[in-house]
Amino acid sequence: MLSIPWENLYFNVVFEDGFAVRSFFSEIPAFKTEYIQFKEQLEDYFSGKKVELDIPAKLNVSPFVRRVLEEVSKIPYGKTATYSDIAQKLKTSPRAVGQAVKRNPVPVIIPCHRVVAKNGLGGYTTSVLNPKVSLKIKEKLLSLEGSGISF
DNA sequence: TACACGACCTGCG
DNA sequence: CGCAGGTCGTGTA
């Protein structure tokens, strides 16, 4: 487990057998951070260094969601893709993609914040926080990566 | 099986 | 602008 401070929040990750299984944002640190392998990598990321996160995750999701998240993982640091881009690659619909990324158990580690709507930002519902705050997080993650998005 | 519901998109007025 | 209609995987019953 670990909790890393960022902005006025904390980013928390749950590990099992060396795999990330769940991550979320919270106002209060959810865990007492023990030493783990990926702490420094994440701290670098949140401090604004351009690091491609490389953290193994164990996903307990449907085959379809897995395929979508697989595509999402390919979006490079600082870039974005639209829901319909991904839909086209997987021969499905943008809405189905939206549902799939919504079920991403490990936000940030699988960069679902890089998936945006064609006209706008799209949504973001990870964490225990309310939707408005969540969306703010998405925006800040994108600007942290310097995606050059202005809304 | 059936149905309602999206972190969407497109076309029409 | 607004809005209907299309889309397709999921959860629930």
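Numbers restart at 1 for each chain; the letters A, B, ... are given by sequence-line order, proteins then strands.
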**OP:** With heavy atoms under 4.0 Å as the rule, sort F64(A) into base, sugar-phosphate or nothing.
**Re:** sugar-phosphate
**OP:** Name the orientation class of the two ring planes belonging to F46(A) and F11(A) (parallel below 30°, tilted from 30 to 60°, perpendicular beyond 60°).
**Re:** tilted
Subject >> Distance, rounded to the nearest Å, where F24(A) contributes CZ and dA7(B) contributes P >> reply: 21 Å
Original post:
Is the closest side-chain heavy-atom distance between L121(A) and L142(A) below 4.5 Å?
Top reply: yes
**OP:** Assign V115(A) to base, sugar-phosphate, or nothing according to its heavy-atom contacts below 4.0 angstrom with the strands shown.
**Re:** nothing
**OP:** Give the C-alpha distance, both sets of side-chain angles, the deciding distance and a yes or no for ring pair (Phe, Tyr, Trp, His ring centres under 6.0 Å) between Y10(A) and F25(A).
**Re:** CA-CA 6 Å; Y10(A) 292 84; F25(A) 290 92; over 10 Å; no
Original post:
Salt bridge check: are K39(A) and E43(A) linked by an N-O gap of less than 4.0 Å?
Top reply: yes
Original post:
CD of Q99(A) versus C1' of dC5(B): gap in Å, rounded?
Top reply: 7 Å
**OP:** Please state how far atom CD1 in I86(A) lies from atom C1' in dA7(B), giving the value in whole angstrom units.
**Re:** 12 Å
Subject >> Protein-nucleotide distance (I137(A), atom CD1; dA7(B), atom C1'), rounded to Å >> reply: 14 Å
Subject >> Atom pair distance, as rounded to whole Å: CG in N104(A) and C1' in dG6(B) >> reply: 17 Å
Original post:
Which of residues 88-97 of chain A sit near DNA chain C, with a heavy atom under 4.0 Å from it?
Top reply: T92(A), S93(A), R95(A), A96(A)
**OP:** Give K118(A) one of three labels, base, sugar-phosphate or nothing, depending on what nucleic acid heavy atoms sit under 4.0 Å from its own.
**Re:** sugar-phosphate
Original post:
Whole-Å distance between dC8(C) P and R67(A) CZ?
Top reply: 13 Å
Original post:
Does a distance-only test, which skips hydrogens and angles, find a donor-acceptor pair under 3.5 Å between the side chain of Y124(A) and the base of dA7(B)?
Top reply: no
**OP:** With heavy atoms under 4.0 Å as the rule, sort S62(A) into base, sugar-phosphate or nothing.
**Re:** sugar-phosphate
**OP:** Answer whether the closest heavy-atom distance between the side chains of F38(A) and P56(A) falls below 4.5 Å.
**Re:** yes
Original post:
Atom NZ of K102(A) to atom P of dC5(B): distance rounded to whole Å?
Top reply: 13 Å
Subject >> Heavy-atom side-chain proximity of P105(A) to L69(A) below 4.5 angstrom >> reply: yes
Subject >> For dG5(C), the Watson-Crick or wobble counterpart (both distances under 3.5 Å) >> reply: dC9(B)
**OP:** Using the six-membered ring wherever Trp is involved, compare the ring planes of F24(A) and F31(A) and label them parallel, tilted or perpendicular (cut-offs 30° and 60°).
**Re:** perpendicular
